[in-house]
Trainee: 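First the structure, then my questions, so here it is.
We count residues from 1, following the sequence as given. Hydrogens, waters and symmetry mates play no part in the numbers below; they use all other heavy atoms, side chains included.
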Amino acid sequence: MSPRPYGHAGRIRPSLRLAAATAVCGAVLAASVQPAQAGADRNPPPGVALRQELRELVDRPDGPPGVIAVLRDGDRTEIYRAGVADVESGRPPRATDHMRIASVAKAFSGAVALGLVDRGRLHLDDTIGEVLPGQPVAWHRVTLRQLLNHTSGLPDYPASQGFIDIISEDPRHHFDSRRLLEFIADEDLEFRPGSRYEYSNSDNIAIALMAEAATGRRYETLLRELVYEPLGMEATSLPQGYRLPMPFLHGYQIDPQAGPVDVSEAVSASGAWAAGGIVSTPKDLTAFIRGYAGGALVSDRTRRQQFRFIPGALSQPPGPGRTEAGLAIFRYTTRCGAVYGHTGNTPGYTQLVAATADGRRSLTFSITTQTSLTSNPDLSAQVREVQEDFVCALLHR
């Protein structure tokens, strides 16, 4: 019999309902962030020090109950962990535990779209109007390229009042994922396409719809054929409901006074879909980012387009060091060098996946609570510091 979650969805605090409404796909307010400075004068810490840093995270009163980091260098894998996967059973986190990957799912939609570009089914300069003529005319000039690097100007659908009202009333509400953009269909673009960067979950919903329109195949099928199978990923899926496959890394809302409340299954994935609904494991995410950042899924020609970066453009939440945005991938330049990947956060989880440009070295870093610039920024800053130390350990091997 599986352990019971600590707490229950019925105990979800109002703050979680707000988080579910405004950050169900890992969205937070964009802001300027300086690279984390802690540890800037240190050499990359050895394994003992890395483990100590993870223990310090989970020992915070507001820290995550569990954290797991997977370092991979060629065929060598090292797993670092602290805390528990489930506060009731007390078992440690494992690389085969399922978890919500939040906005790391945006890299998956990028992999699908860029794979279709390679195959000639889509082009980076294809517009919404050409591929999705049923979408609002005001959006028709937005290109696939602009959707991929968040310069489209599409309003962020989780911030719409209609979406907020529904998910505030019922976080487990089952949405028609292919109609999520209807929440903002009466809105104009936020700015002229291509004129500036602004992270928007709507971009990745539009990308998935364009992929379906170009192929006549469901987005979930395209994920399997273009991403999961080529990279040998056997434990990754895009569900519609709120249940997680067993075993899973439990995610928590933390109250320093009242303790953790299990929110692993508090929110339906249908309201995030291609922008944040994927469920995976640290093991599968390691395979993904090694292939994705390393160029295994696209041609060199397409990858050169993907690796054109916008300085200062943040992932949400920010990753380690200084951030720049490419096409569904971010470059994180730390004090020890650069890695490429994506971050994400959603109720119960904060994620980072990153790898070197050749895909040989990778880091998957997962904590079991949500943190961002607007949700516990002190914890977020410490997480980024620890992530940077892990990147330094990875690059200095």
Trainee: Would you call the rings of Phe330 and His150 parallel, tilted or perpendicular if under 30° counts as parallel and over 60° as perpendicular?
Mentor: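 Phe330 and His150: parallel rings.
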Trainee: Using only heavy-atom distances, determine whether the side chains of Arg384 and Gln387 contain a donor-acceptor pair under 3.5 Å.
Mentor: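 No, because no side-chain N or O of Arg384 sits under 3.5 Å from a partner of the opposite role on Gln387.
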Trainee: Answer yes if the ring centres of Tyr157 and Phe183 are under 6.0 angstrom apart, and no otherwise.
Mentor: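 Ring-ring flag for Tyr157/Phe183: false, centres at least 6.0 Å apart.
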Trainee: Do Tyr199 and Ser103 pair up side chain to side chain, a donor and an acceptor below 3.5 Å, judged on atom types alone?
Mentor: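 Distance-only check passes for Tyr199 and Ser103.
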Trainee: Verify the neighbour count for atom CZ of Arg178: are there more than 12 heavy atoms of other residues, nucleotides or ligands below 6.0 Å?
Mentor: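 It does: Arg178 CZ has more than 12 such atoms within range.
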Trainee: Does Thr236 reach the side chain of Phe108, with side-chain heavy atoms less than 4.5 Å apart?
Mentor: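 In short, these two side chains touch, coming nearer than 4.5 Å.
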Trainee: Tell me whether the rings of Phe309 and Phe307 are parallel (<30°), tilted (30 to 60°) or perpendicular (>60°).
Mentor: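 Taking Phe307 first and then Phe309, their aromatic rings stand perpendicular (interplane angle over 60°).
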Trainee: Any side-chain donor-acceptor pair under 3.5 Å between Ser362 and Thr286?
Mentor: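 No, because no side-chain N or O of Ser362 sits under 3.5 Å from a partner of the opposite role on Thr286.
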Trainee: Decide whether Glu78 and Tyr80 meet the rule of one side-chain donor and one side-chain acceptor closer than 3.5 Å.
Mentor: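 There is such a pair (donor and acceptor under 3.5 Å, judged by atom type) between the side chains of Glu78 and Tyr80.
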Trainee: Give the table of side-chain donor-acceptor pairs shorter than 3.5 Å for residues 288-300, with sequence neighbours excluded, one pair per line with atom names and distance.
Mentor:
from, atom 1, to, atom 2, distance (Å)
Arg290, NH1, Arg360, O, 2.6
Arg290, NH2, Gly74, O, 3.1
Tyr292, OH, Gln306, NE2, 3.0
Tyr292, OH, Ala328, O, 2.7
Ser299, OG, Asp118, OD1, 2.6
Ser299, OG, Thr302, N, 3.2
Ser299, OG, Thr302, OG1, 3.3

Trainee: Check the side chains of Asp378 and Gln382 for a donor-acceptor pair under 3.5 angstrom, ignoring hydrogens and angles.
Mentor: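 Checked: Gln382/Asp378 side chains show no N/O donor-acceptor pair below 3.5 Å.
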Trainee: Enumerate the residue pairs fulfilling ring-ring contact (aromatic ring centres under 6.0 Å, His included) with a member in residues 127-148, sequence neighbours excluded, ordered by first and then second residue.
Mentor: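 Sorted result for residues 127-148: empty, none.
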Trainee: Using a distance-only test with no angle check, is there a side-chain donor-acceptor pair under 3.5 angstrom linking Thr77 and Arg72?
Mentor: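 Yes, because at least one side-chain N or O of Thr77 sits under 3.5 Å from a partner of the opposite role on Arg72.
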